[in-house]
Amino acid sequence: MYDIGKIYQAASTQDAIKHLVADPSAVIIAGGSDVLIKIHHGKLSGCSLVSIYGIDELRGIRLQDDGSIKIGALTSFSHITKNPIIQKYIPVLGEAVDQIGGPQIRNIGTIGGNISNGVTSADSASTLFALGANLEITGPNGKRVIPISKYYIGVGKVSLENGELLTAIYITKENYENFTGHYIKYAMRNAMDITTLGCSVICKLNSQKDTIEDVHIAFGVASPTPMRCPKAENAIKGMKISNEMLHIFGTLAKVEVIPRSSWRASKEFRLLLVEELSKRSLKEAIRKSGGVING
């Protein structure tokens with residue numbers, strides 16, 4: 001049984017905003033794969049819900065005139081994985097969300113809900129960080145767009161004011177063109193478990209495929225919120241592809257993160273994972289780009 005005070009089914013984005021403003025304590029629910037678990041565990045007992053799941057305008061993936069990719073906040077994980085725009089331009093995101101739960105969760109769970117939960121273990125978050133995603137937030141005062149790094153403001157907390165909701169995610173052309181990527185989720189039961197550590201790397205190689213032109217790396221569960229590692233990124237830009245380059249990358253990433261110990265893994269084990277998964281993710285991203293690692 002779910003202890004729900006009341007639920008309102010919003011007919012549009014503006015309708016949802018109106019009801020959120022009228023009831024500041026109301027909780028937004030989309031697919032419900034996160035919210036219903038919290039209610040079941042008594043964390044939101046007797047809450048009021050505003051369901052946005054029926055707002056079709058918040059679904060879908062489109063290639064914009066400026067080359068950016070727009071992903072509606074209510075787009076399900078399974079639709080992201082199968083979408084031809086995602087498969088052509090940012091397949092790493094489709095691969096990442098395909099590691100969330102089982103088929104039922106991927107069919108109902110939404111990418112907006114996944115990051116709006118505010119948890120560092122969200123499987124889409126680290127790849128969206130690596131892709132430099134921008135988020136469109138709509139509220140009673142109109143729309144604002146912020147980088148995803150500004151959305152996470154604490155453990156389980158995101159930057160949504162009263163009446164606001166996440167409506168879209170944008171990936172700019174400069175952050176995906178000529179990049180290839182790879183995401184690794186380390187968990188005790190793979191997709192059917194919460195991530196112990198997630199690592200996403202995207203890289204761009206030179207025309208000879210022997211040098212790193214650009215690279216982005218992001219982690220989940222390596223700090224209280226998802227994070228990038230700029231020191232590791234900057235250190236290998238312009239470097240020839242080699243095992244030494246991979247070693248530098250992993251070593252610096254390990255220095256930048258601030259993981260904690262939990263019942264899933266100790267801080268020390270997560271640090272080992274950071275170093276190893278950094279190297280493995282970059283190596284696979286290089287392979288997908290047609291690069292070869294020598295020496």
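Sequential numbering from 1 along the given sequence is applied to the chain's residues. Computed from heavy atoms alone, side chains included, the values below leave out hydrogens, waters and symmetry copies. Everything numeric in this text was worked out from a predicted model, so none of it was measured.
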Which residues share a side-chain contact (heavy atoms from CB on, under 4.5 Å) with Gln104, sequence neighbours left out: none
About how many Å separate CG of Leu273 and CG of Leu197, when rounded to the nearest 0.5 Å? 5.5 Å
Do Glu95 and Lys185 pass the salt bridge (charged side-chain N to carboxylate O under 4.0 Å, His left out) test, and can you show the C-alpha distance, the side-chain angles, and the key distance before you say yes or no? CA-CA 10 Å; Glu95 293 163 5; Lys185 170 179 180 172; over 6 Å; no
Check whether Ser289 reaches the backbone of Ala285 with its side chain - one donor and one acceptor, N or O, closer than 3.5 Å. yes
Taking C-beta and beyond as the side chain, do Pro140 and Lys18 meet within less than 4.5 Å on heavy atoms? no
Among the clusters formed by ILVMFWY side chains lying less than 4.5 Å apart, do Val97 and Val119 turn up in the same one? no
The complete set of side chain to side chain donor-acceptor pair (under 3.5 Å) pairs with one or both residues in residues 64-74, sequence neighbours excluded, reads Asp66-Ser68
Quick one: does Glu233's side chain have a donor or acceptor within less than 3.5 Å of a partner on Ile217's backbone? yes
Atom pair SG (Cys199) and CD (Glu275), whose distance is rounded to the nearest 0.5 Å: 12.0 Å
Geometric cation-pi criterion Arg59 and Tyr53, 6.0 Å radius, 45° cone: yes
Can Leu165 and Val50 be said to form a side-chain contact (heavy atoms from CB on, under 4.5 Å), step by step? CA-CA 11 Å; Leu165 64 152; Val50 174; over 6 Å; no
Polar side-chain atom of Lys254 near backbone of Leu272 as donor-acceptor pair, under 3.5 Å: no
Any heavy-atom pair between the side chains of Ile52 and Ile28 that's under 4.5 Å? yes
About how many Å separate CG of Leu20 and CG of Asn162, when rounded to the nearest 0.5 Å? 7.5 Å
Does some side-chain heavy atom of Ile115 sit less than 4.5 Å from a side-chain heavy atom of Leu135? yes
Does Ile86 belong to the same Ile/Leu/Val/Met/Phe/Trp/Tyr cluster as Leu131, with side-chain heavy atoms less than 4.5 Å apart forming each link? yes
Hey, any chance Ile137 and Tyr170 share a hydrophobic cluster, counting ILVMFWY side chains that come within less than 4.5 Å of each other, even indirectly? no
Counting only heavy atoms not in Lys237, do more than 12 fall under 6.0 Å of its NZ? yes
With sequence neighbours excluded, what pairs up with Tyr186 under the ring pair (Phe, Tyr, Trp, His ring centres under 6.0 Å) test? Phe269
Test of understanding: with side-chain hydrogen bond (donor to acceptor under 3.5 Å, both in side chains), list the residues that count as partners of Glu213, not counting sequence neighbours. none
Which pairs, with at least one residue in residues 79-91 and sequence neighbours excluded, count as a side chain to side chain donor-acceptor pair (under 3.5 Å)? Ser76-His79
Cluster check Ile194, Val221: I/L/V/M/F/W/Y, side chain < 4.5 angstrom: no
For Thr138 and Glu136, run side-chain contact (heavy atoms from CB on, under 4.5 Å): C-alpha distance rounded to whole Å, both residues' side-chain angles, the deciding distance at 0.1 Å, then the answer. CA-CA 7 Å; Thr138 307; Glu136 176 190 272; 4.1 Å; yes
I'd like to know if the side chain of Asn234 reaches the main chain of Pro230, judged simply by a donor and an acceptor atom lying under 3.5 Å from each other, with no hydrogens or angles considered. yes
Kindly say whether Ala11 contributes a backbone atom to a donor-acceptor pair with the side chain of Asp15 at under 3.5 angstrom? yes
In Å and rounded to the nearest 0.5 Å, what is the CG to CG distance from Leu74 to Leu58? 4.5 Å
Same cluster or not: are Ile105 and Ile111 linked, directly or through other Ile, Leu, Val, Met, Phe, Trp or Tyr residues, by side-chain heavy atoms under 4.5 angstrom apart? yes
Contacts satisfying salt bridge (Lys or Arg N to Asp or Glu O under 4.0 Å) that involve residues 146-175 (not counting sequence neighbours) are Arg144-Glu164, Lys173-Glu177
Less than 4.5 Å apart, any side-chain heavy atom of Thr225 and any of Val155? no
Where do Thr195 and Asp123 land on the side chain to side chain donor-acceptor pair (under 3.5 Å) test, with the steps shown first? CA-CA 7 Å; Thr195 305; Asp123 284 298; 2.7 Å; yes
Can you tell whether the side chains of Arg280 and Glu284 come within less than 4.0 Å, N to carboxylate O? no
Kindly write out the residues that satisfy side-chain hydrogen bond (donor to acceptor under 3.5 Å, both in side chains) with Tyr176, not counting sequence neighbours, or none if the list is empty. none
How close do Gly118 and Val158 get, heavy atom to heavy atom, and via which atoms? CA-CG1, 3.8 Å
Gln9: partners by side-chain contact (heavy atoms from CB on, under 4.5 Å), with sequence neighbours left out: Ser51
In terms of heavy-atom contacts, Pro224 and Ile258 come closest through CD-CD1, 3.9 Å
Would you say that Leu282 contacts Ile236 through its side chain, given a criterion of any heavy-atom pair below 4.5 Å between the two side chains? yes
Does anything in residues 246-265 form a ring pair (Phe, Tyr, Trp, His ring centres under 6.0 Å)? List the pairs, not counting sequence neighbours. none
Hydrogens and angles aside, do Asp210 and Gln208 bring a side-chain donor and acceptor to less than 3.5 Å of each other? no
Are any non-hydrogen side-chain atoms of Ser281 and Ser200 less than 4.5 angstrom apart? no
Worked check of side-chain contact (heavy atoms from CB on, under 4.5 Å) between Cys229 and Phe219: CA-CA 8 Å; Cys229 293; Phe219 289 100; 3.6 Å; yes
Assess whether side-chain contact (heavy atoms from CB on, under 4.5 Å) is satisfied between Val292 and Ile241, documenting all intermediate values. CA-CA 7 Å; Val292 178; Ile241 299 171; over 6 Å; no
Can you tell if the side chain of Ile80 reaches within under 4.5 Å of the side chain of Asp98, non-hydrogen atoms only? no
Glu268 side, atom CD; Ser266 side, atom OG - distance, nearest 0.5 Å: 4.5 Å
Using the side-chain contact (heavy atoms from CB on, under 4.5 Å) criterion, which residues pair with Leu252? Sequence neighbours excluded. Ala232, Ala235, Ile248
What's the spacing between Lys204 NZ and Ile286 CD1 if we round to 0.5 Å? 15.0 Å
Hits for ring pair (Phe, Tyr, Trp, His ring centres under 6.0 Å) against Phe179, two or more places apart or cross-chain, chain-then-number order -> His216
Is the number of heavy atoms from other residues, nucleotides or ligands under 6.0 Å of Lys279 NZ greater than 12? yes
Side chain to side chain, Asn107 and Phe77, heavy atoms closer than 4.5 Å: no
Does anything in residues 128-158 form a ring pair (Phe, Tyr, Trp, His ring centres under 6.0 Å)? List the pairs, not counting sequence neighbours. Phe129-Tyr152
For Asn134 versus Pro147, what's the shortest heavy-atom pair and its separation? OD1-CA, 3.5 Å
Counting only N and O atoms by type, is there a donor-acceptor contact under 3.5 Å from the side chain of Thr75 to the main-chain atoms of Gly60? yes
So, does Arg270 use its side chain to make a donor-acceptor pair with the main chain of Arg260 at under 3.5 Å? yes
